[in-house]
Enquirer: 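What follows is a structure written as structure tokens; I'll ask about it next.
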Number of protein chains: 2
Amino acid sequence: MTRIMRLSQPERVEAMRGRLLDATIDSLALSGYHGFSTNDVVRRAGVSRGALAHHFPTKADLVAAAADRLIGQRATEFRERFAAVPPRRRTVAKALDVLWTFFDDRGFHALLELAVAARTDAELRPVVAAGLRHASDVTRQVFAESFPALAQQPFIAEVLDGILALYVGLAAESALDDDAGHRASAVRSVLKGALSLGAASAPSLP
Amino acid sequence: MTRIMRLSQPERVEAMRGRLLDATIDSLALSGYHGFSTNDVVRRAGVSRGALAHHFPTKADLVAAAADRLIGQRATEFRERFAAVPPRRRTVAKALDVLWTFFDDRGFHALLELAVAARTDAELRPVVAAGLRHASDVTRQVFAESFPALAQQPFIAEVLDGILALYVGLAAESALDDDAGHRASAVRSVLKGALSLGAASAPSLP
DNA sequence: ATGGATACCGGCAGGCTTGCCTGTCGGTAT
DNA sequence: ATACCGACAGGCAAGCCTGCCGGTATCCAT
């Protein structure tokens, strides 16, 4: 009875959960948390309401799972993209550019919606808070591997957290207006110059 | 028929609009844009649905007006709080502390909700975008008045925009988690130290 | 003082959302 | 081979939200 059904049951389950979660992320990025509905998710995923209810009984379960998936995906993709940079070209400026690519895509927009919604959603808050901590940790680790000489500088953790927060703010602005996007570009450009200078002179400081 | 009614009609209108708009801002800050409803607004303001419909026919009108009011209020309050600092104490560190008070209150939370919602709401986007530009302009002006010597430094506009964006990111994080709040405090502390040093040495640079 | 406009009230209808419930199909274990 | 179990489909009901409408009170102008 297996014509084209070469997928085992656990494979089908994982595929279904993936479609549902991806549809959730797309819907979040496109429509925002407001304007987000489970109906839109099932429409986008091309499945029935029953399928969604089976895997994610409540809406909170769905968004929490989507946040988890998103955080996990981005952490691994973060390491991969940094590892893909040839060691020759691993400068601070290049690192900032690679980092910025994570604040300019659909995934970040979905995560921003979830983060803002989490402030007033007790069920979502711990998930996003853990994701934030994860982002901070992963960034520190990757930086330490890419720039071992600079990683011993004082306050490096605070500087990295600050860059992440700055990029969050700039990306949120850029999503609104082209003009805001231009200003954000100018800020990143100046930051790049300042940090490159700082990194070059820092090792000579006690 | 007028026991305590000493208010003229335009005054009553303004009072009603103010109650409605303040209730909107409170509701936004407390419940988020998701979970925000006109019913909650009229309940909170203690008026009827008809009154709301009379002054703000549609929900979009209401939130746009609330955003405008919020932006205007904060701009004047920003100037006031800076003017209230005795000239003796107008240091960069103090300025950063005063600035931060604007990212730690109910008004910012409401504005953040509106800003994120504006990304996917064509009617709200231009209002918030204009507010952002306004914030950038006002900050630059106040800074130029408070620190005329530093205002001639190169890239000062970009640095100020960057500080605003950084604070947006830090405030968004802090709203989620105490731990995130602690990290944000550490970042602000390091920034304060770095900028104080930079400001002290900057005038000697060409 | 009177007419007209304006502010305000409270209920109604339509649409959408979420969660649940039953029914059916296919896979899996014994 | 059979009996069970999980995956999935689709419809239903309750609740809420938004926008609109007729009705009433209050204020300003003539």
Side-chain angles (χ1 to χ4, degrees), chain A residues 1-24 27-28 30-66 113 117 120-124, chain B residues 1-24 27-28 30-66 113 117 120-124:
Chain A
M1 67 254 325
T2 282
R3 297 256 181 282
I4 321 171
M5 295 310 251
R6 300 255 172 211
L7 283 72
S8 75
Q9 200 148 353
E11 285 171 336
R12 287 178 60 85
V13 167
E14 202 46 42
M16 172 63 85
R17 287 178 60 100
R19 276 213 304 280
L20 253 13
L21 259 24
D22 285 343
T24 299
S27 178
L28 242 28
L30 188 63
S31 311
Y33 196 100
H34 118 96
F36 169 78
S37 75
T38 56
N39 280 336
D40 189 41
V41 171
V42 298
R43 224 173 290 139
R44 210 177 281 269
V47 301
S48 70
R49 293 198 53 72
L52 176 62
H54 183 67
H55 290 284
F56 306 100
T58 169
K59 187 182 181 181
D61 292 330
L62 177 65
V63 291
E113 296 285 341
T120 54
D121 185 324
E123 205 154 351
L124 193 52
Chain B
M1 71 281 289
T2 282
R3 298 257 181 283
I4 322 171
M5 294 310 250
R6 302 250 171 212
L7 284 72
S8 74
Q9 196 147 351
E11 287 171 335
R12 286 178 60 83
V13 167
E14 202 47 41
M16 172 64 85
R17 287 177 61 98
R19 276 213 303 281
L20 254 13
L21 259 23
D22 285 343
T24 300
S27 178
L28 243 26
L30 188 63
S31 310
Y33 196 99
H34 119 96
F36 169 78
S37 75
T38 57
N39 281 335
D40 189 41
V41 171
V42 298
R43 224 173 291 141
R44 209 177 281 268
V47 300
S48 70
R49 294 197 53 72
L52 175 62
H54 182 68
H55 291 283
F56 307 100
T58 169
K59 187 181 181 180
D61 293 329
L62 177 64
V63 291
E113 296 284 342
T120 55
D121 185 324
E123 205 155 349
L124 193 53

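The chains referred to below are lettered A, B, ... by the order of the sequence lines, with proteins before strands, and numbering in each begins at 1. Keep in mind that this is a model prediction, so the values were computed, not measured.
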Enquirer: Round to a whole Å and report the spacing from NE2 of B/His34 to C1' of D/dC16.
Expert: 14 Å

Enquirer: Using every non-hydrogen atom in the two residues, find where B/Ala51 and B/Met16 come nearest and quote the distance to one decimal.
Expert: CB-CE, 4.0 Å

Enquirer: DNA chain C: B/His55 or A/Phe36, which has the more 5' nearest nucleotide?
Expert: B/His55

Enquirer: Could you tell me how far apart A/Leu52 (CG) and D/dG11 (P) are, to the nearest whole angstrom?
Expert: 17 Å

Enquirer: Of all the nucleotides listed (C/dC8, D/dA9, D/dG19), which has the minimum atom distance to the side chain of B/Thr58?
Expert: D/dG19

Enquirer: Ignoring the backbone of A/Met16, work out which of D/dC8, D/dC17, D/dA7 is nearest its side chain.
Expert: D/dC8

Enquirer: Starting from C1' on C/dT17, measure out to CZ on A/Arg49 and report it in whole angstrom.
Expert: 8 Å

Enquirer: Could you work out which one of C/dC8, D/dC17, C/dT18 sits closest to the side chain of A/Lys59?
Expert: C/dT18

Enquirer: Tell me, please, which residues at least two apart from A/Asn39 pass side-chain hydrogen bond (donor to acceptor under 3.5 Å, both in side chains).
Expert: A/Arg49

Enquirer: Please determine if a side-chain N or O atom of A/Ser37 lies less than 4.0 Å away from the OP1 or OP2 oxygen of C/dC16.
Expert: no

Enquirer: Using whole Å, report how far CG of B/Asp40 lies from P of D/dT18.
Expert: 10 Å

Enquirer: Minimum heavy-atom separation for B/Arg44 and B/Ser31, please, with both atom names.
Expert: NH2-OG, 4.4 Å

Enquirer: Would you mind reading off the distance between B/Leu20 atom CG and C/dC9 atom C1', rounded to a whole angstrom?
Expert: 13 Å

Enquirer: OP1 or OP2 of D/dG10 sitting under 4.0 Å from any side-chain N/O of A/Ser48?
Expert: no

Enquirer: Separation of B/Arg17 atom CZ from C/dT6 atom P, in whole Å?
Expert: 15 Å

Enquirer: Think B/His54 has a side-chain N or O under 4.0 angstrom from the OP1 or OP2 of C/dC8?
Expert: no

Enquirer: Can you check the B/Glu14 CD to C/dA7 P distance for me, whole Å?
Expert: 12 Å

Enquirer: Whole angstroms only, please: what is the CG-C1' distance between A/Asp61 and C/dT18?
Expert: 13 Å

Enquirer: Hey, what do you get for CZ (B/Phe56) to OG1 (B/Thr24), rounding to the nearest 0.5 Å?
Expert: 7.0 Å

Enquirer: Please report the closest heavy-atom contact between B/Val41 and B/Leu20, naming both atoms and the distance.
Expert: CG1-O, 3.9 Å

